[in-house]
Amino acid sequence: MNSETSVSPSLLACDFTRLESEIGAVEAAGADFHHVDVMDGHFVPNITFGPVIVQAISRLASIPLITHLMISDPAKYAERFAEAGSSALSFHYEAMDSGHEDVIELIRKLGCAPGLAINPGTDFAAVTHLLDRIDFLLCMTVNPGFSGQGFISEVLDKIEKARDYRDEKGLDYLIEVDGGIKPENANLVREKGGQILVSGSGVFGSADYTKAIGEIRGTGG
Ligand code: DX5
Ligand code: ZN
């Protein structure tokens with residue numbers, strides 16, 4: 001990582017008929033990680049893809065995959081997504097009533113960096129007891145399910161809270177932010193403490209991936 005902000009294009013917004021060239025194009029444009037959105041049609045009202053496709057992405061990729069599990073039973077499937085080539089696996093706090101510690105531990109045992117994702121409506125206070133166990137906190141700035149939704153700016157306060165809490169407590173989780181991030185609003189996310197900025201339509205919907213990634217990172221095109 002050669003700057004404080006990493007950019008992670010969400011492949012959900014790519015042209016899947018040209019998956020290989022899209023992967024190559026965002027890597028050439030300076031992407032730090034691929035963001036891989038797994039949806040099960042149960043935790044969220046949309047279905048994307050499973051481990052077979054994640055494995056294909058991993059074979060084509062030369063940067064790490066951060067897999068975002070928007071599924072109801074992360075404990076059941078974590079191993080398959082780890083084996084498929086994910087370097088990091090995040091799962092949702094809202095997916096279960098209890099047992100988050102066990103899933104975090106499982107992900108680490110599988111050799112992946114564990115991340116905890118929280119929906120826009122979930123209070124930061126709900127997850128503070130888990131923060132010393134994770135490598136990254138994923139703050140959603142849209143309700144998960146679809147690419148191309150509008151950025152929910154109310155979440156900015158939560159991002160700032162997550163940064164201040166981490167610094168006060170001497171913790172070391174990274175803050176990933178996902179949903180509706182574009183070159184036009186990425187500076188707000190960076191200012192509040194976002195470190196890994198995910199962008200789907202903001203990158204793949206742009207005419208110039210290098211420019212979009214540079215602007216989201218804050219280093220220009
Ligand atoms: C939403 C996904 C996001 C989404 C990002 O459910 O988790 O990663 O694909 O796409 P944009 O940047 O278009 O909101
Ligand atoms: Zn995502």
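Both ligands and their constituent atoms are indexed starting at 1 by order of listing.
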message = Just to verify, what does His35 make a ring-ring contact (aromatic ring centres under 6.0 Å, His included) with, not counting sequence neighbours?
response = His68

message = Can you name the atoms of ligand 1, numbered from 1 with element, that are less than 4.0 Å from a heavy atom of Ser201?
response = 11 (P), 12 (O), 13 (O)

note = Taken in chain and number order and not counting sequence neighbours, the residues that satisfy ring-ring contact (aromatic ring centres under 6.0 Å, His included) with Tyr209 are Phe204

ask   = Hey, is Met140 one of the residues with a heavy atom under 4.0 angstrom from ligand 1?
value = yes

query = With a cut-off of 6.0 Å (strictly less than), are more than 12 heavy atoms of other residues, nucleotides or ligands near NZ of Lys182?
reply = yes

task = Please work out which of Asn143, Leu197, Asp178 has its closest non-hydrogen atom nearest to atom 5 (C) of ligand 1.
result = Asp178

message = For Glu105, is there an ion pair with Lys109 - N to carboxylate O distance below 4.0 angstrom?
response = no

ask   = Ion pair present between Arg217 and Asp32, side-chain N to carboxylate O less than 4.0 angstrom?
value = yes

ask   = What atoms of ligand 1 come within less than 4.0 Å of a heavy atom belonging to Gly148?
value = 11 (P), 13 (O), 14 (O)

inquiry  = Keeping to distances under 2.8 Å, can you name the protein N/O/S atoms close to the Zn ion (ligand 2)?
reply    = His35 NE2, Asp37 OD1, His68 ND1, Asp178 OD2

query = Is the number of heavy atoms from other residues, nucleotides or ligands under 6.0 Å of Asp172 CG greater than 12?
reply = no

query = Which atoms of ligand 1 have any heavy atom of Met70 under 4.0 Å away?
reply = 6 (O), 7 (O)

request  = Indicate, with yes or no, if Ile71 and Ile134 share a hydrophobic cluster defined by side-chain heavy-atom contacts under 4.5 Å among Ile, Leu, Val, Met, Phe, Trp and Tyr.
outcome  = yes

key: ligand 1 atoms in contact with Ser147 (distance to a heavy atom under 4.0 Å)   = 9 (O), 10 (O), 11 (P), 13 (O)

task = Mind jotting down which residue pairs meet the ring-ring contact (aromatic ring centres under 6.0 Å, His included) criterion with at least one end in residues 133-184? Sequence neighbours excluded, please.
result = Phe124-Tyr165

salt_bridge(Arg108, Asp135) N-O dist < 4.0 Å = yes

task = Compute the shortest N/O to N/O distance between Leu12 and ligand 1 and return yes if it is under 3.5 Å, no if not.
result = no

ask   = Around Phe49, counting heavy atoms of other residues, nucleotides and ligands shown, do more than 12 lie under 6.0 Å from its CZ?
value = yes

ask   = Going by the atom numbers of ligand 1, which of them fall below 4.0 Å from some non-hydrogen atom of Pro144?
value = 6 (O)

Under 4.0 Å to a heavy atom of His35 - the qualifying atoms of ligand 1, by number = 8 (O)

key: Those atoms of ligand 1 less than 4.0 Å from some heavy atom in Ser199   = 12 (O)

request  = Identify, for atom 14 (O) of ligand 1, the protein heavy atom at the shortest distance, and state residue, atom and that distance.
outcome  = Gly180 N, 2.8 Å

query = What is the closest protein heavy atom to atom 1 (C) of ligand 1, and at what distance does it sit?
reply = Phe146 O, 3.6 Å

